[in-house]
Protein chains: 2
Amino acid sequence: MFRALVVEDQTLMRLALMNEVQASFEKCVVLGAETLTIATAELQNNHFDLVVIDPGLPGFDPTSQGDRVAVVDKIIEASPSAIHIVVTGSDNRCEADGFRQIGAAAYLGKTGLAPGVFSDVLDDISTKGFSLRLSRVVMTKPDYRFSVLTPREQEAIDMMAHRAPGVKRKEIFSLMADRLAIDANSAEKYYKQARAKLMRQGHPLPHGL
Amino acid sequence: MFRALVVEDQTLMRLALMNEVQASFEKCVVLGAETLTIATAELQNNHFDLVVIDPGLPGFDPTSQGDRVAVVDKIIEASPSAIHIVVTGSDNRCEADGFRQIGAAAYLGKTGLAPGVFSDVLDDISTKGFSLRLSRVVMTKPDYRFSVLTPREQEAIDMMAHRAPGVKRKEIFSLMADRLAIDANSAEKYYKQARAKLMRQGHPLPHGL
DNA sequence: CAAAAAAGGGATGGTGTCACCCCTTTTTTT
DNA sequence: AAAAAAAGGGGTGACACCATCCCTTTTTTG
């Protein structure tokens, strides 16, 4: 059974990261720790295959580079056989190098760390040994979330709204089919159904229909 | 139709906040903006009932109090009729007062901002006019997440694992029933089923069974 | 014009979760 | 010893979502 630990003080972020880990491993147990105290206690008593760390924890100075390194170093030394992924909001290449040197397998900026990226990071680690994803702004349009839509329908609207100009809808359906491992016709159906729902309720559709 | 906008650069956090907003309003549309540019563009073209803002946005200095106030002030001025909620990782009472003076209805620290808290915040706003929730560490034990469990089962395990010493299981079932608006017997059933699943797979159960 | 793409539907079975009901046996409490 | 709590099961209908296949009409494109 694959075992992972997420060390992050911000609750919603911790839960989101735990979701990402779960999505990357079919069968697994994921523990979430709010503080270094809880984390070290768990690391002493149990074995972990993967540890995700945000160095900005309560009780430490988030602006002190020494404190940040100390947190990560303590965790790495407490779980030498695990894969260690550092996730931070205030990321920079210099710090990334530092963490890499003390044994981290990945360094991720929170901005741009979207659902699904985690799996790519794990691929990077297993192929190249290290993954670096610095924060970068990627959005040009807002994301829309409609409570009337099912997840599949929401996803269909999402992908279609972010369609690059000139790209045919058919191509998006193929892409969606590929990403969700379903038939392109089904993807098309979801999009049409979602669109119909929004029209019926008089919603101002996101640009790009 | 209730319309909300979440302005936050960290993708996972933005999506989580959008989820929280959605969970608080039965029928709604929630938009997510990664940058102030996207947010202001939307605020110009559309009306919003609620705006959630993280002042630490790309292009601004997160340590500069002036920058942080400028971001929030610009958004409030662009949507004077909306409710404005400020969410930040580096929260302090002084800043809370500042944002309150320029018109924010709530000031929330990210640490301790858990699923469900958002609804309480909205209650605070409608009854007292303002809600203040500074970051504070609350966990003493880690959270467990098992991929084999359904959401209901996971929730049952969660609540039972955080049971205070001396509290009877029956009381937890009642609490769970109350929070999920289901029967206490059903809550008990979920817990038993969850426990059985974990035992069957040989999982080391969280302390407290 | 002809072909492709898009818009707009209807109907289908499978599956998982939800929420409820029932039962017995063992352990703990009082 | 009696009563309550806990452990451990089985079974049920409802319902939402998933995924697929089918159809027609309108619009756009080449």
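Reckoned from all heavy atoms, side chains included, excluding hydrogens, waters and symmetry mates. Lettering follows sequence order; numbering is per chain, from 1.
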Requested in this report: Please list, by residue number, the residues of residues 163-178 of chain B whose heavy atoms come closer than 4.0 Å to an atom of DNA chain D; answer none if no residue qualifies.
Outcome: B/Lys168, B/Arg169, B/Lys170
Query raised in the report: Can you tell me if A/Glu34 uses its side chain to pair, donor with acceptor, with the backbone of A/Gln10 under 3.5 Å?
Result: no
Query - Shortest non-hydrogen separation from B/Leu12 to A/Ala16 and the atoms involved - result: CB-CB, 4.0 Å
Query - Between D/dC17 (P) and A/Glu155 (CD): distance, integer Å - result: 15 Å
Query raised in the report: Would one find a side-chain N or O of B/Thr150 under 4.0 angstrom from OP1 or OP2 of C/dC18?
Result: yes
Requested in this report: May I ask you to check if B/Arg100 and B/Phe130 form a cation-pi contact, with NZ or CZ under 6.0 angstrom from the six-membered ring centre and within 45° of the axis?
Outcome: yes
Under 3.5 Å, sequence neighbours excluded: what are the donor-acceptor pairs made by side chains of residues 37-44 of chain A?
{"residue": "A/Thr40", "atom": "OG1", "partner": "A/Leu36", "partner atom": "O", "Å": "2.8"}
{"residue": "A/Thr40", "atom": "OG1", "partner": "A/Thr37", "partner atom": "O", "Å": "3.0"}

Query raised in the report: Does any non-hydrogen side-chain atom of A/Arg133 lie less than 4.5 Å from one of A/Leu113?
Result: no
Report task. Can you establish whether the number of heavy atoms outside A/Lys197 located under 6.0 Å from its atom NZ is more than 12? Result -> yes
Report task. Write down the distance between CG (B/Leu180) and P (C/dC18), rounded to a whole number of angstrom. Result -> 10 Å
Query raised in the report: In residues 183-199 of chain A, what residues come within less than 4.0 Å of DNA chain C, judged by heavy atoms?
Result: A/Lys189, A/Tyr191, A/Lys192, A/Arg195, A/Ala196
Query raised in the report: A/Ile182 has an atom CD1; how far is it from atom P of D/dT20, in whole Å?
Result: 6 Å
Query - Candidates B/Arg195, B/Gln193, B/Lys192 - the one meeting side-chain contact (heavy atoms from CB on, under 4.5 Å) with B/Glu153 - result: B/Gln193
